[in-house]
Amino acid sequence: MMELLASRRGWLAWACLPLVLLSGCPSDTPGTAPAGSAGGMSSQQTAPTLTPAGSGSGAVRSVPGRTAQQAAASTQSASAGQAGAPPDARTQQLINKVEGSYNSGVANYRANRLDAARLDFDFAVDTMLTSGQDLKTEGPAAEEFDRLLNAINSLEMAALKQGNGFSPKIEEAPLEAANDTTFAPNPELVAKLKSELNVTSDLPLVINDQVAGYIGVFSGSSSFRAHMAASLRRESRYRGLLENVLKEEGVPQDLIYLAVAESGFQPQIVNSKGAGGMWQFMTYTGPEYGLSRNGYYDYRFDPEKSTRAYARYIKKLYGEFGDWYLAMAAYDWGPGNIQKAVQRTGYADFWELYRRNAMPAETRAYVPKILAAVIMAKNPETYGLDKLTPSPPVIYDTISTSYSIDLRLVADVTGSTVPELVALNPALLRLLTPPDTSFDLHVPAGTKDLFTDRLKDIPQDRRSSWRFHIVKPGETLESIASTLHAKPTEIAETNGITAQDPMSAGDELVVPVETASSTHSPSHYTPRRGDTLVTVADRFNVSTEDLRRWNGLASSNLRAGHALWVSEPVRLAPSVRMRGRRGGSGSVRGRRGSALAHGSSRSSSASARSTKRASAARSTTKSSGSAHTKPARTKHGAAR
């Protein structure tokens, strides 16, 4: 049942912002870091160490949310199987490499070099994910991976509690904020509440001593009302989406208020037991209901997908017990435990189990607390919850990707911002979508066509690093290159910018950005004395014909010191670099470019060059074992 524990909150480091986001919960939640350090974290934050694989034959690795019974079962399985077996030489080499990167990350973390720590931790996890080792079954590699994720998560937890530039600071859920409370039965209060309050619902709402007691306690607590108000503000952000899902799944609409207790409608919250998301699914339960996880995403944090999983799970529990209160109790304690309590007492009724102390205190309080919260939410004027400013509703377009694309590029092509995209994609653990795996990417409503249109000119294997840019008045190639960490010559080459045909404000540019991962496959080479076309072709495993075509060479003669393309250059197709398409200073969605906008004197020659480049763009060539379609660019008003 347990899926690969490859969930981590890839820290969204942006201009050296503090560590951000989380993917799971550590076995030991670190304390709140003192204020004053970067990101609100202490530079001396205690970092977990990675226990070597195979050490301690009786040890059981700590997995968030595991019960004592599960841990014991794991111990027995490990003693009978291969979990305690020492790693082979290849696996040990992998483990040493990963731990070296992790330890470097810890050193950078303690020194508040957070961007460097993120890179170290990312490298450690990526090394495991790309190692070819089986990380789903018991063994030294899988154990190392579990330890690595838990150790990194425990550091991320401290950062998450402080909030950051992209994700909101996580708050306690309202009912978790309320301490354990005792109160005396109050028949007068029960009668008063029954006569005054609206209890119309598609759930069976009751007001008894327990529910009335919690209403009295909650209404008298300013801290609870503050938590409740914050929850209802967030609820307004997701209400339309969640209600549609509950309706489609055929469950009562007022079950939406269970999220008040579980998460306060916070998509990324994780409790001390490792349950995560708006509906607090455990790592081993989520996959049964479509909430898959890997090193790039955790669908427990996706409001729409997790709500559908919640609706199906609570509906299954209702089908099992025939009672919504028992279904809610089973959601908290587990259906097996509720079934045993029913069999032991002979009562399939929540309130009978309550009176007979057949459930733990947390579960006994769980249902009346939720009912109290539902009744208060349905009577906002009575409890001072009627003057809230609702959050704008979440609406988005969904794009299914099967390639890796950086959110910064998504922001470029949709005219949005990275924080906006992070808010729309709480399930995404990195700034990248996963490669070779389907992922539902959310973009601002109305931008799906813009995304598709602008992205088609960027090769799929370059979307994890390249950028898109609309030229602003006063910008130069050098300033654009400096801002986006690119090279002016490559921007010019890719977009067909020359002295005779310079760029102008409003041009849409594709900006090639070289990353560390691409340095092993250089794009340029500067010939030295003695080099020939044949020796250069042999050196980079390409053909002399390719070198001539890529570099426009009429002969085999080379000039020392003159850089050559040694892999296929990517140039924009004639339908790409359209001129002056910005409808205004803030709009990137208009496409008004035409030859008339830039004067007609150059349009005929531009059209001729575009036609020639269009012909070249239709040819597909191979370089270094990979094929790319060679694009060129559009000139002033050429037809798309």
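Below, all heavy atoms of this structure are taken into account, side chains as well, without hydrogens, waters or symmetry copies.
Here the closest heavy-atom approach between residue Ser404 and residue Thr433 is recorded as OG-O, 3.0 Å. Taking every heavy atom of both residues into account, Asp440 and Lys305 meet most closely at OD2-NZ, 2.9 Å. Here the closest non-hydrogen pair linking Asp397 and Gly446 is OD2-N, 2.8 Å. Here the shortest heavy-atom pairing between Ala427 and Tyr299 reads CB-CD2, 4.0 Å. Across every non-hydrogen atom of Ile95 and Pro140, the tightest pair is CD1-O, 4.2 Å. Here the shortest heavy-atom pairing between Ala124 and Ser101 reads N-OG, 3.6 Å.
Side-chain atoms of Thr483 come within 3.5 Å of backbone atoms of Ser479 as a donor-acceptor pair (strictly under, hydrogens ignored). Remark: side-chain polar atoms of Asn551 are not paired, donor with acceptor, to backbone N or O of Leu553 under 3.5 angstrom. The backbone N or O of Leu455 sits less than 3.5 Å from a side-chain atom of Arg463, completing a donor-acceptor pair. A distance-only check finds a donor-acceptor pair linking the side chain of Lys456 to the backbone of Asp453 [under 3.5 Å]. Judged by distance alone, with hydrogens and angles left aside, the side-chain atoms of Thr494 form a donor-acceptor pair with the main-chain N or O of Glu490 at under 3.5 Å. Proximity of a side-chain donor or acceptor of Asp507 to a complementary backbone N or O of Ser504 within less than 3.5 Å is detected.
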Stepwise side chain to side chain donor-acceptor pair (under 3.5 Å) test for Asn96 and Gln92: CA-CA 6 Å; Asn96 293 341; Gln92 187 59 56; 2.9 Å; yes
Chi angles and distances behind the side chain to side chain contact (heavy atoms under 4.5 Å, CB included) call for Ile399, Phe451: CA-CA 9 Å; Ile399 298 168; Phe451 175 95; 3.3 Å; yes
Stepwise side chain to side chain contact (heavy atoms under 4.5 Å, CB included) test for Glu99 and Glu144: CA-CA 9 Å; Glu99 292 185 356; Glu144 174 71 10; 3.1 Å; yes
Steps toward side chain to side chain contact (heavy atoms under 4.5 Å, CB included) verdict (Leu441, Leu407): CA-CA 10 Å; Leu441 177 68; Leu407 288 190; 4.0 Å; yes
Pair Arg300-Asp298, salt bridge (charged side-chain N to carboxylate O under 4.0 Å, His left out): steps then yes or no: CA-CA 5 Å; Arg300 294 182 302 161; Asp298 186 336; 3.0 Å; yes
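Taken from CG in Leu477 to CD1 in Ile497, the straight-line distance is 5.0 Å, to the nearest 0.5 Å. Going from atom CG of Leu409 over to atom CZ of Arg454 covers 11.0 Å, rounded to the nearest 0.5 Å. Going from atom CG of Asp302 over to atom CG of Leu291 covers 8.5 Å, rounded to the nearest 0.5 Å. Separating the NZ atom in Lys448 from the OG1 atom in Thr398 is a distance of 7.5 Å, to the nearest 0.5 Å. Separation of atoms CD (Glu420) and OG1 (Thr414) is listed at 7.0 Å; rounding is to 0.5 Å. Here CG of Leu484 is found 7.0 Å from CG of Asp412. Values are rounded to the nearest 0.5 Å.
Counting heavy atoms from C-beta on, the side chains of Ile491 and Pro512 come closer than 4.5 Å. Contact check for Ser416 versus Val443: no side-chain heavy atoms found under the 4.5 Å cut-off. For the pair Tyr396 and Glu304, the minimum side-chain heavy-atom distance is below 4.5 Å. With contacts defined as side-chain heavy-atom distances shorter than 4.5 Å, the pair Asn495/Val510 qualifies. Under the 4.5 Å side-chain criterion, counting only non-hydrogen atoms from C-beta, Tyr296 is in contact with Pro435.
With sequence neighbours excluded, the residues that form a side-chain contact (heavy atoms from CB on, under 4.5 Å) with Thr544 are Leu533, Val534, Ala537, Arg548.
In this structure, Glu478 places its CD atom where more than 12 heavy-atom neighbours from other residues, nucleotides or ligands lie under 6.0 Å away.
Ring to ring, Phe439 and Tyr297 are close: their centroids are under 6.0 angstrom apart.
Remark: the Glu475 side chain and the His469 side chain contain an N/O donor-acceptor pair separated by less than 3.5 Å. In the model, Thr91 has a side-chain atom that pairs as donor or acceptor with a side-chain atom of Asp88 under 3.5 Å.
Between Arg408 and Asp406 there is a salt bridge, since at least one side-chain N of the basic residue sits less than 4.0 Å from a carboxylate O of the acidic one.
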